[in-house]
Amino acid sequence: MFALLLVAWQPFPGEYRVPLVGSALLGLALSLRGGLPTVAEPARRLGLLLLCLVIPGLLSIPTSLAPGKSWGEIASVALVALAGISVLYGLRTRADHQWLQTGLVVVIAAWIGDGLLQAITGADVFGITPKAEGMINGPFSTNGIFGIIVAVLTPLVLWEPLKQRNRWAIALTGGLVVTVILSGQRNNLLLLVLGLMALSTLWSKRTRLIGAAALIAAVVAIYPLAPTLQQRAGWMSTSATDMATSLQRLQDNPADTEASQHLFDSLNRFTSDRAFLIDAGLKMIHDRPLTGVGINAFRPAYPLYAQLAPHGHRSKPSHAHNIYLEVTAETGLIGLAGLLLAIGLGWRWFLVASAERQALAAPYAATLFVMLFPLTTHTVLLAAFYFTLLLMVLGGYLSALFSPEIALIANPAEESEA
């Protein structure tokens, strides 16, 4: 129940905090009442992955530019660990996984319907209106989160319905594609494409070609109804031309400072001011390469490193808009190594699992691939709502691979690895 609520409750009062705290309290109760041995193996793996993030975070605190915020982030990860126990406990059996995935289908389908109603009438069933022109936000009172969640959960929501060739799954896929396009963010389109790429492993080559053509047709058809997306696509087009011109000038004269500044300005327009964040993040890494500016300290550190950003913009960004840039800027190369180690361990565990466990874990693995893709430009790992989603998906993944209550054919390699 709490695993589903980690997603389903996000638009409502308390957002992610209500199910996260509830899951943590349940995890604490299970630990105190002897429930932990039931999920001991997946819990141990979850703990190991979280340590890959916590240890670099702890190492960053002595030199953190915001020690209080850094300690608060460590406490949040501890809360997530407790919540993870309840997620693992709730996903012990194959039936639990089926229940979760069915619940997600219902929730996301309801959100899609709500978002489309908002696009057509200007307000959703709760009377919520779009928070930015040309960008729907469904039942969410803030802009951006709606499209990210719908897009990033694409593989987990659609995996089983498409695998079972349910006819209604095609309609759900179409609604999801239209909704993500109308959310108006290029990053959401990237997440959607990544999710559909992962889903395409279920299809024949012919079906993949048909799906790709259908996606292109949908984008072309819906594009005129998404003015924000049109605006940003226009920025990308003109900026790409300007960047090509600047690069040509620099090739002819590498010392041309005017061309260098023009190239940066064009890149900044292309990425909607992300170049300021990239520049500041790289300066943080250069200044403190090993342990960074402190876990959860990107925002207070940003004004000190954002020399290229206008003064009026130096206090605005709350994060780096990229998982790997933020982790490295906040916890240094040690933190980046920890994150890559965690990803490597997760992939290794998948490879040595039995074929049946791999099949159960596949939709979670595909979703993790989308969530951790390195070129996304809006999300960060420890953003509260995103980390909560990650906990739900990661819990399902580890439970599928290691829960002892899932009766599957044993694999000798799996047994030796465990």
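Just so it is clear, the values below take in all heavy atoms, side chains as well, and ignore hydrogens, waters and symmetry mates.
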For residues 145-155, which side-chain donor-acceptor pairs fall under 3.5 Å, sequence neighbours excluded?
residue, atom, partner, partner atom, Å
Thr154, OG1, Val150, O, 3.3
Thr154, OG1, Ala151, O, 2.8

Provide the closest heavy-atom pair for [X] versus [Y] in the form atom of the first, atom of the second, distance.
X      : Y      : answer
Leu158 : Ala169 : CD2-O, 4.4 Å
Leu391 : Gly84  : CD1-CA, 3.6 Å
His321 : Glu326 : N-OE1, 4.4 Å
Gly281 : Phe298 : CA-CE1, 4.2 Å
Ile136 : Ala119 : CG2-CB, 3.8 Å
Leu36  : Ala43  : CD1-CB, 4.2 Å

Assess the residue pair Leu263 and Arg249 against the criterion (side chain to side chain contact (heavy atoms under 4.5 Å, CB included)); give the C-alpha distance rounded to whole Å, side-chain angles, the decisive distance to 0.1 Å, and a yes or no. CA-CA 10 Å; Leu263 176 62; Arg249 288 175 57 185; over 6 Å; no

Counting C-beta onward and ignoring hydrogens, is there a side-chain heavy-atom pair between [X] and [Y] closer than 4.5 Å?
X      : Y      : result
Met135 : Pro130 : no
Leu26  : Ser23  : no
Ile222 : Val177 : no
Met284 : Arg288 : no
Ile285 : Leu336 : no
Phe264 : Asp279 : yes
Val180 : Gln185 : no

For Trp349 together with Phe402, are the ring centres under 6.0 Å from each other? yes

Spatial distance of atom [atom1] ([X]) from atom [atom2] ([Y]) [nearest 0.5 Å]:
X      : Y      : atom1 : atom2 : result
Leu104 : Glu160 : CG    : CD    : 12.0 Å
Thr129 : Asp124 : OG1   : CG    : 8.5 Å
Leu401 : Arg45  : CG    : CZ    : 9.0 Å
Leu100 : Leu4   : CG    : CG    : 6.0 Å
Leu53  : Leu381 : CG    : CG    : 6.0 Å
Ser403 : Tyr89  : OG    : OH    : 11.0 Å

Please check if the side chain of [X] supplies one atom and the backbone of [Y] the other of a donor-acceptor pair under 3.5 Å.
X      : Y      : answer
Ser266 : His262 : yes
Arg357 : Ala400 : yes
Asn137 : Phe140 : yes
Ser60  : Gly292 : no
Thr331 : Ile295 : no
Ser399 : Gly396 : no
Ser86  : Ala83  : yes
Asn322 : Pro374 : yes

Tell me every residue that passes side chain to side chain donor-acceptor pair (under 3.5 Å) with [X], counting only those two or more places apart in sequence or in another chain.
X      : result
Asp114 : none
Asp265 : Gln261
Tyr364 : His97, Gln101
Gln251 : none

For Val105, enumerate each residue passing the side-chain contact (heavy atoms from CB on, under 4.5 Å) test, keeping only those at least two apart in sequence or located in another chain.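 Per chain and number, Val105 pairs via side-chain contact (heavy atoms from CB on, under 4.5 Å) with Val157, Pro161, Trp168, Leu172.
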
Once side-chain contact (heavy atoms from CB on, under 4.5 Å) is applied, do any residues pair with Leu51, and if so which ones, sequence neighbours excluded?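 Testing Leu51 for side-chain contact (heavy atoms from CB on, under 4.5 Å), a comparison that skips the adjacent residues, returns Ile55.
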
For a quick test of your reading: what N or O donor-acceptor pairs under 3.5 Å do the side chains of residues 6-21 make, sequence neighbours left out?
residue, atom, partner, partner atom, Å
Trp9, NE1, Pro13, O, 2.8
Gln10, NE2, Leu6, O, 3.0
Glu15, OE1, Arg17, NH1, 3.2

Residues Asn187 and Thr376: side-chain donor-acceptor under 3.5 angstrom: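 Result is no, nothing qualifies.
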
Decide whether Thr238 and Thr241 meet the rule of one side-chain donor and one side-chain acceptor closer than 3.5 Å.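 Note: Thr238 and Thr241 side chains miss the donor-acceptor criterion.
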
Before giving the answer on side chain to side chain contact (heavy atoms under 4.5 Å, CB included), spell out for Thr388 and Phe385 the whole-Å C-alpha distance, their side-chain angles and the decisive distance to 0.1 Å. CA-CA 5 Å; Thr388 302; Phe385 88 93; 5.6 Å; no

Please tabulate, for side-chain N and O atoms in residues 71-79, each donor-acceptor pair with protein atoms closer than 3.5 Å (sequence neighbours left out).
residue, atom, partner, partner atom, Å
Glu73, OE1, Asn296, ND2, 3.4
Ser76, OG, Gly72, O, 3.0

Salt bridge (charged side-chain N to carboxylate O under 4.0 Å, His left out) filter on Arg92, not counting sequence neighbours, yields Glu405

Test of understanding: with salt bridge (charged side-chain N to carboxylate O under 4.0 Å, His left out), list the residues that count as partners of Asp96, not counting sequence neighbours.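 With sequence neighbours excluded, Asp96 shows a salt bridge (charged side-chain N to carboxylate O under 4.0 Å, His left out) to no residue whatsoever.
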
Side chain to side chain contact (heavy atoms under 4.5 Å, CB included) assessment of Val87 paired with Leu394: CA-CA 9 Å; Val87 171; Leu394 185 58; over 6 Å; no

Test of understanding: with ring-ring contact (aromatic ring centres under 6.0 Å, His included), list the residues that count as partners of Trp203, not counting sequence neighbours. none

Exceeds 12 heavy-atom contacts within 6.0 angstrom, atom CE of Met197: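 Atom CE in Met197 is not crowded, with 12 or fewer foreign heavy atoms closer than 6.0 Å.
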
Taking atom CD of Gln164 as the centre, does the number of heavy atoms from other residues, nucleotides or ligands within less than 6.0 Å exceed 12?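 Yes.
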
So Tyr324 and Val327, side chain to side chain contact (heavy atoms under 4.5 Å, CB included) or not? Walk me through it. CA-CA 5 Å; Tyr324 299 87; Val327 166; 5.8 Å; no

One thing to verify: whether Lys283 and Asp287 come together as a salt bridge, which I'm taking to mean a side-chain N less than 4.0 angstrom from a carboxylate O. no

